[in-house]
2 protein chains.
Amino acid sequence: MVTIKDVARRANVSVATVSRVLNQNGYVSEDASRIVLQTIKEMNYRPNAVARTLYKKTSNMIGLIVPDIENPFFPELARAVEDVANLYGYTVVLCNSDQDVEKEQRYVEALKQKYVDGLIMTSHQSQFNDYVDENIPIIALDRIGDERLTTVVANNYEGGRQAAHYLKEKGAKSLAHIRGPKGIASADERYRGFLDYVMENELEYVVEECSFQLSPAERLAARFYDEYPQADGVFASNDVVAAGFLKVALKRGIPVPDQLQLIGFDGISFGHMMYPELTTVAQPIYEMGALASRLCIKLIEGKEIDQSKNDPESFFHQLPVYMVEGDTTKK
Amino acid sequence: MVTIKDVARRANVSVATVSRVLNQNGYVSEDASRIVLQTIKEMNYRPNAVARTLYKKTSNMIGLIVPDIENPFFPELARAVEDVANLYGYTVVLCNSDQDVEKEQRYVEALKQKYVDGLIMTSHQSQFNDYVDENIPIIALDRIGDERLTTVVANNYEGGRQAAHYLKEKGAKSLAHIRGPKGIASADERYRGFLDYVMENELEYVVEECSFQLSPAERLAARFYDEYPQADGVFASNDVVAAGFLKVALKRGIPVPDQLQLIGFDGISFGHMMYPELTTVAQPIYEMGALASRLCIKLIEGKEIDQSKNDPESFFHQLPVYMVEGDTTKK
DNA sequence: ATTCTTTAAGTAACCGGTTACTTAAACCCT
DNA sequence: AGGGTTTAAGTAACCGGTTACTTAAAGAAT
């Protein structure tokens, strides 16, 4: 491997000069600069990122921790984070915490040891308090933790309300909400939105809880359709669970959307893969990832943003959701 | 941040002794060892991974490059790679090359600069020749590149044959294969398997090409059903494309599987999410990822395996595929 | 002509570990 | 008692960059 010393020797200058040319700082003459650049090209020299990191304590890496890489929502999010990060010269290290608090903590430790410049976390942990005092920027994405944390979320509460409203408008008489796990802010908020709306409008409803995965959703759906045959409008807390409910309904021959209407949440591209297509409360997934990434980089580089302690709002970025009308609700 | 010097000072020993305790090598007395360990715990010292990497030229990181993180096949694969890697104390850096050769090369460069210990690549590049002489282990996963490269793939050829055979057995008279992009070994092999089988059995068939994504699949499907209304057995080169064909068929009211039977490839968990469930030629995705990861680590640590130049077979690990009978083919 | 400022470039310390080399004490043996 | 081996632990070089500090030459100002 070619080092800066090799380049310096060949170019007849000191390592400091080579370093100055590379970093475009300090005083370097035209001549020296030309020769060094020429030599670098000739020798195909690439500065060693690890050595630089050791001295500068910065790595141009951003850690992204997601709870479940197999839920298509997160790859879509990761994709956006990565696109923006790449644009600014950062590498994203994607870690799958597997909804395991310990594994998550191990990752945070490992990443910090590697001098990642920032962290974007879709943490499974309900309170990130342990992390908030760290000396690197942390963005909470799709999760709400400590209020001092810069946060990017969709308007889950409003999404919950919209789902309930939409079902009511489409004539559903007996609503159901399959809520996500308690303690996960997004799930809690969707539930709260749904609940507020059905209460305000005095609608008949029932709530069940289900983790954000397919198999549990299918199991619950089977039981659910037995127990609540009268339910004609189901709002699932994410698209994967909605897909599970849709599948079981179709299997049983329950006519969708005529007898049963179904709404998911997320708007993963996956919902378009099935037929009938899923009606869903879509989050602006790409925008969320991109914003989180941009904010993280701003915090890394500017160390400031407009996040004065006076203005808590500036920590909290809430993006609007929007209904995507598929075929699992009436026209 | 606590450094090894701080620990050494507090424990009244030299940094060498602390290092020896940490790495459990060299001569350290019982007493010294005890004191150092105690001090480490008290000060909550964690050795700096970057400094260690700089000297040892090893990072305990494995780079994993996938072409499309949004195709569920790859997260599933990544999951397996990561599980095994974690088990052995390695961190996986997941990179999305976006099917872009240049982006892929940039990632390889960046990863090597970070002293990753090994690379697992599901490369979009048909020949990895550029990479094969690198001084770190490289595993080709789900792709075939240079024959000197350790390779983990499913038996795609056999899968192609099986799909054709299955469709024939289920009574399809006019077969179609929607093959993946030319130049991608897995797609080529599936195509070859299909072709050999239909030729041997003198079956009526047609072939179309489609990239491994949903939207192109849907567009192609629309055209396909117009052009080949007689086709009654479609074998798609992956599950995502199969899902696109299924969706368009259902939309048009084509009875599946009675009038049109459909087989995908991959066996992503996704195929179970839809109804009717996809019949598919499943790859042992988890096993493939896990094997690639294990081989990579063996190469890193042992630098040997049984890969003598005499035995090219040992470089080539081909795993069997198996039919998963869903509802898109007749019982 | 002298002093001050700017430009240019080298030397060496530093980042935080690991390890080759060295010194010295302890133990063993004849 | 003297020489050899094993054990213990310190010193300093090293990994490959960056940069503070220093020296020196060129240019500007009085």
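A note on names: the letters A, B, ... follow the listed sequences, proteins ahead of strands, and every chain is numbered from 1. Note: hydrogens, waters and symmetry copies are ignored here, and every other heavy atom, side chains too, is used.
- Taking the side chain of A:I4 as heavy atoms from C-beta on, and the options D:dG17, D:dA9, C:dA9, the nearest nucleotide is D:dG17.
- No donor-acceptor pair closer than 3.5 Å links the side chain of B:S33 to the backbone N or O of B:V28.
- Residue contacts shown for B:V50 are absent, as no nucleic acid heavy atom lies under 4.0 Å away.
- Atom OH of A:Y55 is separated from atom C1' of D:dC14 by 18 Å (rounded to the nearest Å).
- Going from atom NZ of A:K56 over to atom P of D:dC15 covers 22 Å, rounded to whole Å.
- At whole-Å resolution of the value, CG in B:N25 and P in D:dA8 are 14 Å apart.
- Judged by distance alone, the side chain of B:T151 and the main-chain N or O of B:A140 form no donor-acceptor pair under 3.5 Å.
- Using a 4.0 Å heavy-atom criterion, one finds that A:S19 contacts the bases of the nucleic acid, with or without backbone contacts as well.
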A:D98 and A:Y107: side chain to side chain donor-acceptor pair (under 3.5 Å), yes or no, with the steps? CA-CA 11 Å; A:D98 222 358; A:Y107 268 127; over 6 Å; no

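- Other residues, nucleotides and ligands contribute over 12 non-hydrogen atoms within 6.0 Å of the OH atom of B:Y286.
- Although no hydrogens or angles enter the test, the distance criterion places no donor-acceptor pair under 3.5 Å between the side chain of B:D6 and the main chain of B:V2.
- Proximity of B:N71 to B:Q213: side-chain heavy atoms (C-beta onward) are nowhere separated by under 4.5 Å.
- One interatomic measurement links the two molecules: CG of B:N23 to C1' of D:dA8, which rounds to 17 Å at whole-angstrom precision.
- Contact record, A:V7 with A:T39: O-CG2, 3.9 Å, taken as the closest heavy-atom pair.
- The distance from atom NZ of A:K5 to atom P of D:dG16 is 8 Å, rounded to the nearest whole Å.
- Comparing A:V15 and A:Y27 against DNA chain C, the residue whose closest nucleotide sits nearer the 5' end is A:Y27.
- Rounded to an integer number of Å, the gap from B:M1 CE to C:dC15 P is 13 Å.
- The distance between atom CZ of B:R9 and atom P of C:dG16, rounded to the nearest whole Å, is 12 Å.
- Of the residues in residues 33-45 of chain A, not one places a heavy atom less than 4.0 Å from an atom of DNA chain C.
- Checking B:K57 against B:S29, the closest nucleotide of DNA chain D that is more toward the 5' end is the one next to B:S29.
- For C:dG10, its base sits under 3.5 Å from the side chain of A:R20 at one donor and acceptor pair at least.
- Distances shorter than 4.0 Å separate some side-chain N or O of B:T17 from OP1 or OP2 on D:dG10.
- Both A:T3 and B:V13 lie close to DNA chain D; mapped to their nearest nucleotides by heavy-atom distance, the more 5′-ward contact belongs to B:V13.
- Within 4.0 Å (heavy atoms only), B:A49 reaches no atom of the nucleic acid at all.
- Across the protein-nucleic acid pair, A:L54 atom CG and C:dA13 atom C1' stand 13 Å apart, rounded to whole Å.
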